Novice: 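Sharing a structure with you now.
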Amino acid sequence: MLSLPLLRNISAIVHVTSPKITPSSSFIKMQTTRLSSAKGQTYPSDERENPGSETATDDCSKKVRVFVRRKRATKTVLTTVEKGKHEILDQKPCSLPEIEDFAYGKDSSFPPSTHTPANWEKVLEGIRTMRSSENAPVDSMGCEKAGSSLPPKERRFAVLVSSLLSSQTKDHVTHGAIQRLLQNNLLTAEAIEQADEGTIKDLIYPVGFYSRKASNMKKIAKICLSKYDGDIPSTLEGLLQLPGIGPKMAHLVMNVGWNNVQGICVDTHVHRICNRLGWVSRPGTKQKTSTPEETRESLQLWLPKEEWVPINPLLVGFGQTICTPLRPRCGICTISGFCPSAFKETPSPSSTPKKSQRS
DNA sequence: GTCCTGTATC
DNA sequence: GATACCGGAC
């Protein structure tokens with residue numbers, strides 16, 4: 001697991017323009033094969049059924065080219081803009097030992113993304129440690145795991161409905177609603193399509209926005225039946241077409257329902273914490289991102305893909321217990337030394353300092 | 001009063 | 001960016 005930590009979505013192309021550098025060139029070629037084959041690895045999957053979607057998209061991948069000429073080498077880091085078109089992210093001279101470190105996977109700062117924040121691995125490790133001692137609500141339930149004993153198609157539908165119901169709702173409330181739907185055999189597209197909306201509303205009460213969600217469940221069931229043979233959409237685009245399913249839930253469903261990681265599931269906690277840590281910014285600036293979607297795109301530019309799934313529960317739990325929206329507990333946070341926002345009055349979130357208004 | 005792993009609409 | 005959607009817990 002710890003070998004080649006950063007290379008999962010990186011392919012390396014090494015052009016040796018001069019065969020004069022005998023000691024290193026053959027070595028580089030040998031390693032190139034290994035690096036290239038590391039690309040395209042998909043996230044561990046226990047079920048191989050995923051008709052419409054492609055694993056491991058290239059939209060976050062980087063290509064690294066190392067040009068060796070005489071005694072000088074240049075590293076060029078490219079990112080794929082669209083098919084066949086690349087954009088140069090970074091280009092600078094490097095020494096041959098540097099190339100060897102890269103080839104062996106020792107050099108964790110390479111490729112030198114302009115977005116990669118310093119010490120991010122230490123920060124992540126620190127948060128993991130804090131999370132293992134502190135108990136967060138997110139750990140107790142995990143509502144999206146609902147229906148894990150069901151057949152695949154029904155399980156996926158259960159995942160979709162759980163996600164829909166879980167927004168702005170405590171996990172145990174969501175869990176109860178799912179249990180009631182299950183007991184009434186109302187957790188398939190067919191059943192929901194036939195059921196009365198009022199019945200659904202009563203069963204899912206008191207989840208947040210239950211009325212709107214009951215209505216959305218009916219619409220979703222209809223779409224799943226007419227377009228997907230009662231299954232759920234297997235692509236991000238398809239999921240986003242469903243009423244009540246936005247980017248956060250669409251990525252969650254792709255992750256949990258299809259074992260297909262298309263993007264990071266960014267919610268309010270991930271959004272807030274990444275900005276506090278200075279891990280994300282508006283494109284081309286140092287300003288904070290203003291929406292979770294902007295955060296997702298910024299984070300995906302540098303965070304290694306193997307962290308894309310675990311980052312969510314990690315930061316959610318951290319955000320629920322320590323790095324809270326209002327008055328974060330920087331005093332007990334072990335990574336405050338790395339945090340540019342530590343011990344500062346949080347300026348951004350809903351700051352309406354209407355205190356001292358009393359006569 | 002404020003908080004809740006959001007989404008859709010204005 | 002602001003607001004409605006929803007109600008319960010603290």
Side-chain angles (χ1 to χ4, degrees), chain A residues 127 131 135-146 159-178 197-198 200-220 223 236-237 239-257 263-276 282 287-296 299 308-329 346-358:
Chain A
I127 296 175
R131 289 281 280 101
N135 217 18
V138 67
D139 301 321
S140 54
M141 279 301 173
C143 53
E144 71 281 352
K145 292 192 208 102
V159 168
L160 178 64
V161 173
S162 307
S163 302
L164 178 76
L165 298 186
S166 69
S167 72
Q168 300 294 285
T169 306
K170 302 273 191 194
D171 279 334
H172 71 272
V173 175
T174 309
H175 191 254
I178 290 293
E197 189 174 313
I200 298 174
K201 197 195 289 189
D202 291 343
L203 283 174
I204 64 175
Y205 179 89
V207 301
F209 318 132
Y210 59 91
S211 189
R212 164 99 28 115
K213 282 173 181 173
S215 160
N216 284 339
M217 276 175 66
K218 292 286 289 180
K219 292 176 189 162
I220 287 174
I223 294 171
L236 208 56
E237 302 74 46
L239 288 166
L240 288 169
Q241 295 290 89
L242 304 176
I245 301 293
K248 191 258 172 180
M249 294 311 181
H251 284 288
L252 183 69
V253 172
M254 285 305 286
N255 293 174
V256 180
I264 299 170
C265 180
V266 175
D267 53 70
T268 175
H269 292 297
V270 176
H271 176 56
R272 176 183 71 255
I273 294 167
C274 285
N275 274 295
R276 281 186 180 160
R282 312 281 292 273
Q287 297 172 295
K288 292 183 174 189
T289 57
S290 55
T291 66
E293 267 300 87
E294 214 170 45
T295 298
R296 184 181 61 77
L299 193 57
W308 284 19
V309 171
I311 191 85
N312 176 276
L314 186 72
L315 293 193
V316 169
F318 182 55
Q320 287 172 332
T321 55
I322 297 170
C323 197
T324 47
L326 203 57
R327 296 176 228 272
R329 302 160 70 190
T346 60
S348 65
S350 65
S351 56
T352 315
K354 276 189 178 174
K355 48 186 171 183
S356 71
Q357 286 281 73
R358 292 234 155 255

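All chains are named by letter (A, B, ...) in the order of the sequence lines, taking the proteins before the strands, and each is independently numbered beginning at 1. No experiment lies behind these values; they were computed from the predicted model shown.
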Novice: Nearest heavy atom decides the nucleotide; on that basis, is Leu240(A) or Thr169(A) closer to the 5' end of DNA chain B?
Specialist: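 Looking at DNA chain B, the more 5' nearest nucleotide goes with Thr169(A).
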
Novice: For nucleotides dC3(B) and dC5(C), find the distance between their C1' atoms and express it as a whole number of Å.
Specialist: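 It works out to 16 Å between them.
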
Novice: First and last nucleotide of DNA chain C touching chain A, 5' to 3', heavy-atom cut-off 4.0 Å?
Specialist: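 Range of nucleotides touched by chain A: dG1(C) to dG8(C).
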
Novice: Provide the distance between the two P atoms, one in dG8(C) and one in dT7(B), to the nearest whole Å.
Specialist: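 Here dG8(C) and dT7(B) have their P atoms 23 Å from each other.
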
Novice: Would you call Asn255(A) and Asn312(A) a side-chain contact if the rule is heavy atoms closer than 4.5 Å?
Specialist: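 They are not in side-chain contact.
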
Novice: Starting at CD of Glu293(A) and ending at C1' of dA8(B), how long is that distance when rounded to a whole Å?
Specialist: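 About 14 Å, once rounded to whole Å.
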
Novice: Just how far, in rounded Å, is P of dG6(B) from CG of Asn312(A)?
Specialist: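 Taking CG of Asn312(A) and P of dG6(B), I get 10 Å after rounding.
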
Novice: Kindly point out which of dG6(B), dT5(B), dC3(B) is positioned nearest to the side chain of His269(A)?
Specialist: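 Given the options dG6(B), dT5(B), dC3(B), the side chain of His269(A) is closest to dT5(B).
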
Novice: Taking the side chain as C-beta and beyond, is there a heavy-atom pair between Pro243(A) and Ile220(A) under 4.5 Å?
Specialist: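 SC-SC contact between Pro243(A) and Ile220(A) confirmed.
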
Novice: Just the rounded figure in Å: distance from P of dT7(B) to CG of Leu242(A).
Specialist: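 It is 12 Å, rounded to the nearest whole Å.
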
Novice: Considering all heavy atoms of both residues, which atom of Ile200(A) and which atom of Lys218(A) are nearest to each other, and what is their separation?
Specialist: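 So the minimum-distance heavy-atom pair works out to CD1-CD, 3.7 Å.
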
Novice: For dT5(B), take OP1 and OP2 only and decide whether either is under 4.0 Å from a side-chain N or O of Gln320(A).
Specialist: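 Yes, within the criterion.
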
Novice: Within the structure shown, what part of the strands sits under 4.0 Å from Gly208(A) by heavy-atom distance: base, sugar-phosphate, or nothing?
Specialist: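 Base contact.
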
Novice: So what does Tyr210(A) hit on the nucleic acid, given a heavy-atom distance under 4.0 Å: a base, only sugar-phosphate, or nothing?
Specialist: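 If one applies the 4.0 Å heavy-atom cut-off, Tyr210(A) turns out to touch the sugar-phosphate alone, with no base involved.
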
Novice: Just checking Leu165(A): base, sugar-phosphate only, or nothing, at a heavy-atom cut-off of under 4.0 Å?
Specialist: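 No contact.
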
Novice: Quick one: on DNA chain B, does Asp267(A) or Asn216(A) contact a more 5' nucleotide (nearest heavy atom)?
Specialist: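 Taking each residue's closest nucleotide, the earlier one in sequence belongs to Asp267(A).
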
Novice: Could you tell me the separation between the NE2 atom of His271(A) and the P atom of dC4(B), rounded to a whole number of Å?
Specialist: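 In whole Å, dC4(B) P lies 14 Å from His271(A) NE2.
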
Novice: Please tell me if the side chains of Ile245(A) and Leu160(A) come closer than 4.5 Å, counting only heavy atoms from C-beta onward.
Specialist: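 Side-chain contact under 4.5 Å: yes.
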
Novice: Of all the heavy-atom pairs spanning Arg329(A) and Thr321(A), show the shortest one and how long it is.
Specialist: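 Scanning both residues, the minimum pair turns out to be NH1-O, 2.7 Å.
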
Novice: Is there a side-chain contact between Arg276(A) and Pro328(A) in this structure, where contact means two heavy atoms from C-beta onward sitting under 4.5 Å apart?
Specialist: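 SC-SC contact between Arg276(A) and Pro328(A) confirmed.
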
Novice: Quick check: closest heavy atoms across Ile273(A) and Phe318(A), and the distance to 0.1 Å?
Specialist: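 Looks like CD1-CD2, 3.7 Å.
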
Novice: Find the distance Lys248(A):NZ to dC4(B):C1' and express it as a whole number of Å.
Specialist: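 Result: 12 Å.
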
Novice: Sticking with atom P, work out how far dC10(C) lies from dT5(B), rounded to a whole angstrom.
Specialist: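 Comparing P positions in dC10(C) and dT5(B) gives a spacing of 14 Å.
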
Novice: Can a donor-acceptor pair be found between the side chains of Thr169(A) and Thr174(A) at a distance below 3.5 Å?
Specialist: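 Thr174(A) and Thr169(A) do not have a side-chain donor-acceptor pair below 3.5 Å.
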
Novice: Would you classify Lys170(A) as touching base, sugar-phosphate or nothing, given that sugar-phosphate means primed atoms plus P, OP1 and OP2, and contacts are heavy atoms under 4.0 Å?
Specialist: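 Since no nucleic acid heavy atom lies under 4.0 Å of Lys170(A), the category is nothing.
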
Novice: Give one of base, sugar-phosphate or nothing for Pro292(A), where a contact means two heavy atoms less than 4.0 Å apart.
Specialist: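 Result for Pro292(A) = nothing.
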
Novice: dC3(B) C1' sits how many Å from Leu326(A) CG, rounded?
Specialist: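 Nearest whole value for this atom pair: 10 Å.
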
Novice: In this structure, how many angstroms lie between the P atom of dA8(B) and the CD1 atom of Ile220(A), rounded?
Specialist: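 Between P of dA8(B) and CD1 of Ile220(A): 9 Å.
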
Novice: Taking CG from Leu164(A) and P from dG6(B), how many angstroms apart are they, rounded to a whole number?
Specialist: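 After rounding, the gap between these two atoms is 13 Å.
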
Novice: With heavy atoms under 4.0 Å as the rule, sort Ile245(A) into base, sugar-phosphate or nothing.
Specialist: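 Touches sugar-phosphate only.
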
